[in-house]
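What follows is a short report on a single structure.
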There are 2 protein chains.
Amino acid sequence: MDTGSTGAQGGETLLFLTDEQLRKGIEAMFFAYRAFTSDPDRILENYEYGRAHHRAIHFINRQPGLTVTALLATLGVTKQSLNRVLRALVDDGLVEARVGRRDKRERNLYLTEKGEALERELSDAQRTRMRAAYRAAGPAAVTGFRQVLEAMMDPDIRRQYQAMRDGAA
Amino acid sequence: MDTGSTGAQGGETLLFLTDEQLRKGIEAMFFAYRAFTSDPDRILENYEYGRAHHRAIHFINRQPGLTVTALLATLGVTKQSLNRVLRALVDDGLVEARVGRRDKRERNLYLTEKGEALERELSDAQRTRMRAAYRAAGPAAVTGFRQVLEAMMDPDIRRQYQAMRDGAA
DNA sequence: TTGGAAAGTCAACAAGGCTGACTTAAAACC
DNA sequence: GGTTTTAAGTCAGCCTTGTTGACTTTCCAA
């Protein structure tokens, strides 16, 4: 039904596109992603937070002053779901929601010092693993890694990702 | 605190290990993984199943006859959590749990034809995206992609992954 | 001045994790 | 042969994080 061994343009067999190769990639994604989230998860247990809080903190740190709507779009969850998380972070003094200057309906989100401290703790753990993997695999592998991941994203998100990539120098 | 611009052994600056590069990698993982799971998720909505059922089906298909304990170790969840999922799949006739031949305490898990049909539907969708990403990025990128993901896994899981990789030809 | 957008909130629900306690059957050990 | 351990299964209850639906307040803009 789906052998993957489709004849290539140049007549070359695309061995890296066989079903078996694709399955390996699928499993690698599953196992690697689980490892990737495990370090921050362990840290978050000590606080009263979960993965959802981590994601909010990450993107607020990344784009300080972004609006709730923008964060909603980035995270891909509902307003109600994000609100629960955001309220906890604001109440606990990790995130500040300032009334928009141009448009007073908007809330611009910023990390407080306390929020930045947690962000650093979480991202340090995550970067440590990422750094070890990058170092083990080497620069060429890292380029390929990023290329495949980008190609896998939905186009809208890819644009957003690339804008963020180019923006934050 | 953590500039990432550590001097290399050869005196060369490791640009691919800067904090910024690592953060890009972290975000790429997040966005790509979400896209990666979205196709099967959409299909599963039509049935009464979720991501947990998909994972069980995937690994039973991959290693037919594996025991409940082995599946537990692969998925990294509790017995109670898996049981809920597995019971539904057995009751609905997608998975068969045969009493072990050597050890009658064990249950060897197999997909039924119905189970295989759903597995195919799910993995077709996931492989279609993976194939498009692989094709867009090219063989060299795919090699790098797999290398980084493997390096990111926890060692125990990596061994398990590699065994599965080498086993299923 | 009125329509619509941004934000926030309440309530209820579902999936899928978790812990703890306990049973049954069978293997393994002594 | 009796005891201990292991594999599986189950019940109950809890938590996080997602969902829908309904509704309010504020405020920009046509």
Side-chain angles (χ1 to χ4, degrees), chain A residues 30 33-34 37-38 40-60 65-92 95-110, chain B residues 30 33-34 37-38 40-60 65-92 95-110:
Chain A
F30 171 65
Y33 193 79
R34 193 172 54 188
T37 54
S38 65
D41 281 355
R42 250 189 306 278
I43 293 169
L44 289 159
E45 275 175 22
N46 305 330
Y47 306 82
E48 299 266 76
Y49 301 128
R51 216 176 274 188
H53 302 84
H54 180 195
R55 293 200 279 260
I57 287 172
H58 173 95
F59 287 109
I60 294 171
L66 93 171
T67 63
V68 174
T69 308
L71 182 54
L72 237 35
T74 301
L75 295 175
V77 298
T78 58
K79 186 176 45 161
Q80 295 89 329
S81 196
L82 176 59
N83 197 254
R84 186 163 37 197
V85 163
L86 220 42
R87 203 187 330 172
L89 293 174
V90 170
D91 288 354
D92 296 354
V95 167
E96 198 187 343
R98 295 186 208 150
V99 171
R101 290 213 331 133
R102 278 176 335 208
D103 188 332
K104 290 183 192 164
R105 287 172 306 181
E106 294 181 344
R107 297 289 178 277
N108 296 109
L109 303 169
Y110 299 89
Chain B
F30 172 65
Y33 193 78
R34 193 172 55 188
T37 55
S38 65
D41 281 356
R42 248 190 307 279
I43 293 169
L44 289 159
E45 275 175 22
N46 305 329
Y47 306 81
E48 300 266 76
Y49 301 129
R51 215 175 275 186
H53 302 83
H54 180 194
R55 291 199 280 260
I57 287 172
H58 174 95
F59 287 107
I60 294 171
L66 93 170
T67 63
V68 173
T69 308
L71 183 54
L72 237 34
T74 301
L75 294 176
V77 297
T78 59
K79 187 177 45 161
Q80 294 89 329
S81 197
L82 175 59
N83 198 256
R84 187 165 35 195
V85 163
L86 219 43
R87 204 188 329 174
L89 293 174
V90 170
D91 287 354
D92 297 353
V95 167
E96 197 186 344
R98 294 186 209 152
V99 171
R101 292 215 330 135
R102 278 176 335 207
D103 187 334
K104 290 182 192 166
R105 288 172 306 181
E106 293 181 345
R107 296 289 178 274
N108 297 110
L109 303 170
Y110 299 89

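Keep in mind it's a predicted model, so treat the numbers as computed, not measured. Every chain is numbered from 1 and lettered A, B, ... according to where its sequence line falls, protein lines coming before strand lines.
The distance from atom CZ of A:R101 to atom P of D:dC28 is 13 Å, rounded to the nearest whole Å. Note: CD (A:E45) to P (D:dC15) measures 15 Å, nearest angstrom. Atoms CD (A:E48) and P (D:dC14) sit 17 Å apart, rounded to a whole Å. At whole-Å resolution of the value, CD in A:E106 and P in D:dC28 are 10 Å apart. Rounded to whole angstrom, the span from the CZ atom of A:R51 across to the P atom of C:dC18 amounts to 11 Å. Taking atom CZ of residue A:R42 and atom P of nucleotide C:dC18, one finds them 14 Å apart after rounding to whole Å. Atom CZ in B:R55 sits about 11 Å away from atom C1' in C:dA15, given to the nearest Å. Straight-line distance from the CG atom of A:L82 to the P atom of D:dT16: 17 Å, rounded to whole Å.
Within the structure, every pair that satisfies the side chain to side chain donor-acceptor pair (under 3.5 Å) test and touches residues 70-81 of chain B, not counting sequence neighbours, is listed here: B:T74-B:Q160.
Where B:R107 and A:Y49 each meet DNA chain D at their nearest nucleotide, the meeting point lying more 5' is that of B:R107. The 5' end of DNA chain D is approached more closely, in terms of each residue's nearest nucleotide, by A:A52 than by the other of A:A52 and A:V99.
Closest non-hydrogen pair, B:G100 versus B:N108, comes out as CA-OD1, 3.3 Å. Scanning both residues, A:R51 and A:D41, for their nearest heavy atoms gives NH2-OD2, 2.6 Å. Here the closest heavy-atom approach between residue A:L44 and residue A:G50 is recorded as CD1-O, 3.5 Å.
With sequence neighbours left out, the ring-ring contact (aromatic ring centres under 6.0 Å, His included) criterion links A:Y49 to A:H53. With sequence neighbours left out, A:R105 forms a side chain to side chain donor-acceptor pair (under 3.5 Å) with A:D103. The side chain to side chain donor-acceptor pair (under 3.5 Å) test applied to A:Y33 returns no partner, not counting sequence neighbours.
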Which pairs, protein N/O on one side and nucleotides 21-26 of chain C N/O on the other, fall under 3.5 Å?
{"from": "C:dA21", "atom 1": "N6", "to": "B:Q80", "atom 2": "NE2", "distance (Å)": "3.4"}

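Side-chain N or O atoms of A:R34 include one that pairs as donor or acceptor with a backbone N or O of B:L75 at under 3.5 Å.
When the side-chain nitrogen and oxygen atoms of B:T78 are compared with OP1 and OP2 of C:dC18, one or more of them lie within a distance under 4.0 Å. Phosphate proximity of C:dG16 to B:H53: present, with a side-chain N or O under 4.0 Å from OP1 or OP2.
Annotation: proximity of residues 83-90 of chain A to DNA chain C (heavy atom, distance under 4.0 Å) is found for A:N83, A:R87, numbered in ascending order.
Note: A:L86 CG to A:I60 CD1 = 5.5 Å, rounded to the nearest 0.5 Å.
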